[in-house]
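Since the structure is predicted, the reported quantities are computational estimates derived from the model, not experimental observations.
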Amino acid sequence: MMEGLKFLLVFVVLALASSFASASDPSPLQDFCVAMKETDGVFVNGKFCKDPEQVTEKDFFFAGLNVPRDISSPVGSNVTAVNVAQIPGLNTLGISLVRIDYAPHGGLNPPHTHPRATEILLVVEGTLYVGFLTSNLAKGGNRLITKVLNPGDVFVFPVGLIHFQLNVGKTNAVAFASLSSQNPGVITIANAVFGADPPMNPNVLTKAFHLDKKLVEYLQKQIWTDNNN
Ligand SMILES: *[C@@H]1O[C@H](CO)[C@@H](O)[C@H](O)[C@H]1NC(C)=O
């Protein structure tokens, strides 16, 4: 009897806790809150809403995601984002989309994380080797979870975790992914660490990555191109 009550209490507390914690963007409090362009240097969590009477179909629209993108960058991939910056109507709705193009034979969407979104990816063309890393494990290390994907395959990258996609096929690859935020954010690991502006003290990187200081300084001089537009 006591055990049953305890269980119920724990259950209620957990249910309450999970309803307070928000796993993605907060829920909207109106039908829509189409982002306004000018904010006069004032920032809020999200964007200010346009007068609903002034809202048109253009605020919810984006065209051209059928067009292949330029994949000649050093990493051989190109991410076309369709988030609140492209579609103001996405403001407060907690969702966005990307198209990703990969060059044949090794086009790479390099290891990166989205601080504010889980991603669900659909391959429409080509063959991708994809994966993500877990958080640091209690027993040490990080588990790597990978899969080779073909057209029609869908894969999930949980919020915040480091993930990547590599084109292991002989043809171009194309994927579309939806993300659980109007503004998922992206941190490309190598770019952030070695291409930071201003640069990090090389001693930090030498020790953290077990690298020779000369190599760190060399890496810090590289041009770290961003494959996100
Ligand atoms: C991605 O493709 C677009 C259109 O093809 C191009 O304008 C842009 O420079 C490309 N971005 C990168 C990072 O290669």
Side-chain angles (χ1 to χ4, degrees), residues 23-26 28 32-39 43-50 55 57-103 107-126 128 130-132 149 153-167 172-192 195-197 223-229:
S24 57
D25 293 0
F32 47 76
C33 164
V34 173
M36 264 171 54
K37 273 222 178 72
E38 52 285 296
T39 48
F43 296 89
V44 291
N45 190 18
K47 311 257 185 211
F48 286 108
C49 321
K50 207 168 154 175
V55 165
E57 74 288 350
K58 287 197 193 77
D59 294 314
F60 303 95
F61 179 75
F62 180 90
L65 220 52
N66 58 323
V67 181
R69 266 40 186 194
D70 178 356
I71 42 177
S72 62
S73 87
V75 286
S77 71
N78 192 327
V79 181
T80 308
V82 185
N83 57 43
V84 71
Q86 288 76 29
I87 303 186
L90 282 177
N91 191 38
T92 75
L93 298 184
I95 195 166
S96 59
L97 184 72
V98 293
R99 173 191 169 113
I100 315 173
D101 289 83
Y102 310 83
L108 173 70
N109 189 11
H112 62 280
T113 99
H114 304 291
R116 292 176 290 277
T118 290
E119 174 172 345
I120 182 163
L121 178 129
L122 163 70
V123 177
V124 297
E125 203 182 309
L128 296 176
V130 309
F132 66 84
L149 305 179
D153 291 350
V154 172
F155 201 78
V156 172
F157 304 106
V159 58
L161 301 188
I162 297 176
H163 60 282
F164 59 84
Q165 301 105 32
L166 176 71
N167 183 356
N172 283 22
V174 181
F176 291 87
S178 191
L179 296 111
S180 62
S181 171
Q182 67 176 35
N183 179 25
V186 54
I187 305 168
T188 310
I189 308 304
N191 299 32
D197 181 19
I223 293 164
W224 295 94
T225 43
D226 187 356
N227 67 337
N228 290 258
N229 287 311

Could you state the interatomic distance from [atom1] ([X]) to [atom2] ([Y]), rounded to the nearest 0.5 Å?
X: Leu161; Y: Glu119; atom1: CG; atom2: CD; result: 11.5 Å
X: Asn91; Y: Lys47; atom1: CG; atom2: NZ; result: 7.5 Å
X: Phe61; Y: Ile87; atom1: CZ; atom2: CD1; result: 8.5 Å
X: Asn183; Y: Leu90; atom1: CG; atom2: CG; result: 10.5 Å
X: Ile120; Y: Leu179; atom1: CD1; atom2: CG; result: 10.5 Å

Can you confirm whether [X] sits close enough to [Y] that some side-chain heavy atom of one is under 4.5 Å from a side-chain heavy atom of the other?
X: Val159; Y: Ser180; value: no
X: Gln182; Y: Leu93; value: no
X: Asn78; Y: Ser73; value: no
X: Phe157; Y: His112; value: no
X: Leu65; Y: Leu97; value: yes
X: Ser77; Y: Leu108; value: no
X: Ser96; Y: Val84; value: no
X: Leu149; Y: Leu121; value: yes

Quiz item: Can you find a side-chain donor-acceptor pair between Asn227 and Asn109 that sits under 3.5 Å?
Solution: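 Yes, Asn109 and Asn227 have a side-chain donor paired with an acceptor closer than 3.5 Å.
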
Can a donor-acceptor pair be found, under 3.5 Å and without considering hydrogens, that links the side chain of [X] to the backbone of [Y]?
X: Asn228; Y: Val79; result: no
X: Thr92; Y: Pro28; result: no
X: Thr188; Y: Ala190; result: no
X: Arg116; Y: His114; result: no
X: Asn172; Y: Gly126; result: no

Quiz item: For the residue pair Phe32 and Phe60, does the interplanar ring angle fall in the parallel (under 30°), tilted (30 to 60°) or perpendicular (over 60°) class?
Solution: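 Perpendicular: the ring planes of Phe32 and Phe60 meet at over 60°.
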
Heavy atoms only: give me the nearest [X]-[Y] pair and the separation to one decimal.
X: Ile71; Y: Ala103; value: CD1-CA, 3.5 Å
X: Trp224; Y: Gly195; value: CD1-CA, 3.6 Å
X: Ile187; Y: Ala192; value: CG2-CB, 3.8 Å

Exercise. Step by step, work out the side chain to side chain contact (heavy atoms under 4.5 Å, CB included) result for Leu166 and Leu128.
Key: CA-CA 5 Å; Leu166 176 71; Leu128 296 176; over 6 Å; no

Quiz item: With Asp59, which residues qualify under salt bridge (charged side-chain N to carboxylate O under 4.0 Å, His left out), at least two apart?
Solution: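 Listed in chain order: Lys50.
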
Quiz prompt | salt bridge (charged side-chain N to carboxylate O under 4.0 Å, His left out) contacts touching residues 81-101 (sequence neighbours left out) | solution =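 Only Arg99-Asp101 qualify under salt bridge (charged side-chain N to carboxylate O under 4.0 Å, His left out).
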
